[in-house]
Amino acid sequence: MSALRAVVTGASSGMGRETVRQLRDQGWDVVAVARREDALAQLAQETGCEVVVADMTSDESVAQMAEKVLAGGPVNSLVANAGAAYGQDQVEDASVEGWAEMFDLNVLGVVRCVKALLPALEESGRGDIVVMSSTAGHIAYEGGGGYVASKHGAHSVAATLRLELAGRPVRVIEIAPGMVATEEFSRKRLGSQDAADKVYAGVEKPLTAEDCAEAVVWTLTRPHHFNVDLMVIRPIAQAAQHKVARNKGL
C-alpha cells in the first residue's frame, strides 16, 4: 500500500512546520507549502518532504501550487494551516487594510486551497480537509476584532464544507487552539518580542507547536469513518478566552 500524501500550508514555521515533521515520522508523504523558500529548503533537508513555494493570498500562486502538487501524485489530505494576526486595534480604530489582509489569508486562503485540491481529495477515496482555526473563531474579545472575524470566517467555511460534502469521501476537521506559544505568531502580531512575551507572562506551559501538530496528526490517523468535527485545545492554565491563570513567580 502506498503512503498517504498530505499538503500542509504555512509550513515554514510553527504549527505547520511541526505538522510536517510529525506526519513524516508517521510515514506520510508530505508537500510543505509556504512563501519562504529558505525555510522550506531546511525543512526538506531535515524531513525529506517535498516543497512548493506559494502565496495563499494569490489565486494564480495557489493554482500553480496545486498543479505542481498533483503532478507528483494523488493527495489524501489538506492541512490548511497558513494564517496570521495583525495588531490589536479596536473596531472604532480598525485598520481596514490589516483586517482585509487577515481575511484574505485566514479565510480566502483556505477557500483557494480547497477549490484547487478538492477534486483530488475526493478522487483519493479517503480525503481530509483540516482547517486550523482558533478559539478566536468561537468567541470574541476586545482588541481582537479583525482576527476574531477572520477566524469566525474560517470556522464557518469548515462547517459549511462539512454539510456540502456529506456523502462524499472527504472529512472536514477543525482544530481550534487557544493560547499557543510559537516563535513568530505573537511577535508578528504585536511588533516586538517584549510585547509577545507579555502575552504569556506567568502562564505555566502554554501550548506548543508540537502540541497542536499532535492534535492534527491524531485526527488524520483515525479510521476514515471517524470524523473529528471540532477539536478545541487549550493549556490547562487557560480556562476560557478571558480566564487565564498567571503565576507571578514565572
Side-chain angles (χ1 to χ4, degrees), residues 1-84 101-133 154 157-158 161 164-165 168-173 175 184 209 212-213 216-217 219-221 224:
M1 181 178 177
S2 59
L4 296 173
R5 189 163 180 253
V7 175
V8 180
T9 70
S12 60
S13 66
M15 294 182 287
R17 180 178 62 195
E18 187 59 31
T19 298
V20 172
R21 288 171 172 158
Q22 293 191 23
L23 284 174
R24 289 291 295 147
D25 287 345
Q26 292 279 335
W28 285 54
D29 292 335
V30 183
V31 184
V33 179
R35 289 179 294 184
R36 289 181 288 181
E37 186 171 5
D38 56 343
L40 288 178
Q42 292 174 7
L43 186 59
Q45 184 175 15
E46 174 194 341
T47 67
C49 69
E50 304 170 61
V51 300
V52 176
V53 177
D55 179 357
M56 297 299 100
T57 66
S58 164
D59 292 355
E60 181 180 6
S61 184
V62 171
Q64 291 173 348
M65 176 274 291
E67 184 177 354
K68 292 175 183 176
V69 167
L70 297 178
V75 177
N76 302 98
S77 299
L78 164 64
V79 181
N81 169 77
E101 289 177 2
M102 284 187 281
F103 190 87
D104 198 11
L105 178 57
N106 297 347
V107 183
L108 298 183
V110 175
V111 173
R112 290 183 183 100
C113 286
V114 169
K115 289 185 65 176
L117 294 174
L118 180 56
L121 293 171
E122 185 169 9
E123 185 178 353
S124 76
R126 50 96 57 238
D128 303 305
I129 297 169
V130 179
V131 176
M132 184 64 74
S133 69
V157 169
L161 266 173
E164 293 175 347
L165 297 179
R168 294 156 69 180
V170 181
R171 298 186 293 189
V172 180
I173 298 162
I175 308 292
E184 293 185 357
C212 297
V216 173
V217 173
T219 65
L220 288 178
T221 53
H224 203 255

Could you check whether any side-chain heavy atom of Leu118 comes within less than 4.5 Å of a side-chain heavy atom of Leu165, counting everything from C-beta outward? yes
Quick one, Val216 and Glu18 - any side-chain contact, counting heavy atoms below 4.5 Å?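 When only atoms from C-beta onward are counted, Glu18 and Val216 do not touch, as no gap falls below 4.5 Å.
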Between Glu46 and Arg21, does any side-chain N to carboxylate O distance fall below 4.0 Å?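 Result for this pair is yes, salt bridge flagged.
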Keeping the roles fixed (side chain from [X], backbone from [Y]), state whether a donor-acceptor pair exists under 3.5 Å.
X      : Y      : value
Asn76  : Asp128 : no
Arg17  : Ala209 : no
Asn81  : Gly10  : yes
Arg35  : Asp55  : no
Arg126 : His224 : no
Thr9   : Ala82  : yes

Provide the closest heavy-atom pair for [X] versus [Y] in the form atom of the first, atom of the second, distance.
X      : Y      : result
Val62  : Ala116 : CG1-CB, 4.1 Å
Ala6   : Leu23  : CB-CD1, 4.0 Å
Thr221 : Trp28  : CG2-NE1, 4.2 Å
Thr47  : Arg24  : O-NE, 2.9 Å

Heavy-atom count check: over 12 atoms from other residues, nucleotides or ligands less than 6.0 Å from Glu67 CD?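 Counting neighbours around CD of Glu67, 12 or fewer heavy atoms of other residues, nucleotides or ligands fall under 6.0 Å, so no.
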Applying side chain to side chain donor-acceptor pair (under 3.5 Å) between Asp59 and each of Gln64, Arg112, Lys115, report the one that passes.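 Output: one option passes, namely Arg112.
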What I want to check is whether the side chains of Arg36 and Ser12 have a donor and an acceptor closer together than 3.5 Å.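 On atom types as modelled, these side chains qualify, holding a pair under 3.5 Å.
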Side-chain donor-acceptor pair present, Arg171, Thr219, cut-off under 3.5 Å: no
Given the rule in the side-chain contact (heavy atoms from CB on, under 4.5 Å) test, do Val51 and Leu43 qualify, once you have shown the distances and angles that lead to the verdict? CA-CA 9 Å; Val51 300; Leu43 186 59; 5.6 Å; no
